[in-house]
Every structure is written in C-alpha cells, then in structure tokens.
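Below: one structure, written as structure tokens.
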Amino acid sequence: DFRPPQNGFCSAKLKGLRHQCRRTEDCEDYMICRENNSTKTTILGSFSRDASREKLCLCDEDSGYMENLIENHCNGML
C-alpha cells in the first residue's frame with residue numbers, strides 16, 4: 001500500500017509482488033511464495049546479491065498469471 005510504517009510496523013496484511021514471504025497465504029491474490037528466480041530482472045535491474053534461496057511473493061505463472069513490470073503486479077492471461 002506504499003504507506004510508511006507506523007511504530008515500525010506496516011499496516012498491510014498481505015505482501016505484494018517481490019516482497020519477502022514465508023508462505024503463500026502471506027501473499028496477495030494470484031501470487032505464490034517461492035524461491036526467487038534470480039535470472040529474472042525487474043525495473044530496478046537484476047539483484048546484485050545472491051538471493052537464490054530468498055522466498056518472495058511471485059506471480060503464479062502455472063495458473064496463467066504473469067508479472068507486469070510497469071505496474072508492479074500480476075496480470076492474468078487473456
């Protein structure tokens with residue numbers, strides 16, 4: 001939701017695209033929590049650190065959802 005944390009805590013209950021997670025239930029709709037595919041790049045470029053074991057909320061590509069890099073969310077296939 002892009003609001004600053006209050007007292008060190010974020011008010012958002014679900015995590016957005018490419019946010020760290022522990023399980024799929026932590027992620028927004030159409031996303032799953034899985035290990036980062038470090039070969040993908042984002043608008044910010046590729047990750048400079050070795051994040052291959054880091055779990056992130058990523059689009060559920062197996063169900064047809066693809067990453068929209070411009071708007072930073074998942075789009076369904078048309």
Side-chain angles (χ1 to χ4, degrees):
D1 65 3
F2 302 109
R3 287 183 282 175
Q6 294 178 350
N7 295 325
F9 295 97
C10 293
S11 59
K13 301 297 179 209
L14 297 176
K15 299 176 183 288
L17 185 60
R18 298 203 167 270
H19 284 82
Q20 287 184 339
C21 58
R22 292 179 187 219
R23 56 196 178 118
T24 296
E25 291 79 16
D26 296 339
C27 302
E28 292 179 350
D29 292 338
Y30 317 117
M31 296 182 197
I32 58 173
C33 183
R34 66 178 180 208
E35 287 186 6
N36 182 29
N37 179 355
S38 58
T39 60
K40 275 196 166 181
T41 58
T42 66
I43 288 176
L44 303 175
S46 58
F47 294 99
S48 58
R49 58 191 166 96
D50 180 20
S52 61
R53 294 192 175 233
E54 180 178 60
K55 289 182 83 174
L56 301 176
C57 291
L58 300 171
C59 297
D60 187 358
E61 294 177 357
D62 293 338
S63 295
Y65 294 96
M66 305 301 288
E67 191 170 326
N68 180 328
L69 296 175
I70 296 170
E71 297 179 15
N72 199 34
H73 65 85
C74 299
N75 281 341
M77 288 178 38
L78 298 174

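- Atoms SG and CG, on C59 and N75 in that order, are 8.0 Å from each other to the nearest 0.5 Å.
- Taking a 4.5 Å side-chain heavy-atom cut-off between Ile, Leu, Val, Met, Phe, Trp and Tyr, the cluster of L14 contains only that residue.
- Shortest non-hydrogen contact noted between L17 and H73 is CD2-N, 3.7 Å.
- Looking at every heavy atom in both residues, C74 comes nearest to Y30 through SG-O, 3.9 Å.
- Side-chain contact between L56 and K15: absent, with no pair of heavy atoms (C-beta onward) separated by less than 4.5 Å.
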Worksheet item: Step by step, would you call L58 with M31 a side chain to side chain contact (heavy atoms under 4.5 Å, CB included)?
Response: CA-CA 5 Å; L58 300 171; M31 296 182 197; over 6 Å; no
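- Between C27 and C21, the gamma sulfurs sit at a distance of 2.5 angstrom or greater.
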Practice prompt. Apply side chain to side chain contact (heavy atoms under 4.5 Å, CB included) to E28 and H19, showing your working.
Written response: CA-CA 10 Å; E28 292 179 350; H19 284 82; over 6 Å; no
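- A search for salt bridge (charged side-chain N to carboxylate O under 4.0 Å, His left out) contacts involving R23 returns E25, D26, not counting sequence neighbours.
- Under the side-chain hydrogen bond (donor to acceptor under 3.5 Å, both in side chains) criterion, S63 pairs with D60, not counting sequence neighbours.
- Across N68 and E71, no two heavy atoms sit closer than the pair OD1-N, 2.9 Å.
- Counting heavy atoms from C-beta outward, E35 and E54 have side chains that stay 4.5 Å or more apart.
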